[in-house]
Trainee: 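Sharing a structure here in structure tokens format.
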Amino acid sequence: MPSYRLILNIGALRAGVRPETLLPAAREAVAAHALVEHAEVGIRRGAAELTVRFLADDPRAAHAVAEAALPAVAALAEVPTWRITHRLGSRWPVVLRSERHGG
């Protein structure tokens, strides 16, 4: 089964939200719809980024997993942009990129 990554750029946290709650929430939200392989927090271009790697049958299924998981993270922080990448050998090309305003 192909491996995909949901990569969420994180903006401002909602009032009262602690930063360490974001990754477990993202991981759990994806795990409710797919098998999670790995999850991590990183910094890209000076901004926080959550990455959850998971298995899905195809890009359409990966998109459905992402759409189902996004509200859980958006309830905790602004998610101005996100993307889905697909593993092709050692590369991870983008298969879907979207903008989501954290509101």
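Bear in mind the structure is a predicted one, so any value in this text is a computation, not a measurement. Index from 1, following the sequence.
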Trainee: Is it true that Leu96 and Leu70 fall in one hydrophobic cluster, defined by side-chain heavy atoms closer than 4.5 Å?
Mentor: yes
Trainee: In terms of hydrophobic clustering (I, L, V, M, F, W, Y; side-chain heavy atoms under 4.5 Å; direct or indirect links), are Val79 and Ile84 co-clustered?
Mentor: yes
Trainee: Are any of the side-chain heavy atoms of Leu88 and Pro93 separated by less than 4.5 Å?
Mentor: yes
Trainee: Roughly how far, to the nearest 0.5 Å, is the CG atom of Leu23 from the CG atom of Leu76?
Mentor: 11.5 Å
Trainee: Minimum heavy-atom separation for Gly11 to Pro80, with atom names?
Mentor: N-CD, 3.8 Å
Trainee: Enumerate the salt bridge (charged side-chain N to carboxylate O under 4.0 Å, His left out) contacts for residues 20-31, please, sequence neighbours excluded, ordered by first and then second residue.
Mentor: Arg18-Glu20
Trainee: Any side-chain heavy atom of Val30 within less than 4.5 Å of one from Leu6?
Mentor: yes
Trainee: Tabulate below the donor-acceptor pairs under 3.5 Å that side-chain atoms of residues 49-57 make, not counting sequence neighbours, or state none.
Mentor:
| unit_1 | atom_1 | unit_2 | atom_2 | d |
| --- | --- | --- | --- | --- |
| Glu49 | OE2 | Asn9 | ND2 | 3.4 |
| Glu49 | OE2 | Arg83 | NH2 | 3.3 |
| Arg53 | NE | Glu37 | OE1 | 3.1 |

Trainee: Would a 4.5 Å heavy-atom cut-off, applied to side chains only, mark Leu22 and Leu13 as touching?
Mentor: yes
Trainee: Could you state whether Val65 and Leu35 fall into the same hydrophobic cluster, counting links through intermediate Ile, Leu, Val, Met, Phe, Trp or Tyr residues with side-chain heavy atoms under 4.5 angstrom apart?
Mentor: no
Trainee: Could you list all the ring pair (Phe, Tyr, Trp, His ring centres under 6.0 Å) pairs where at least one residue sits in residues 4-52, not counting sequence neighbours?
Mentor: Tyr4-His86
Trainee: In the single-linkage hydrophobic clustering (I, L, V, M, F, W, Y; side-chain heavy atoms under 4.5 Å), do Val94 and Trp82 co-cluster?
Mentor: no
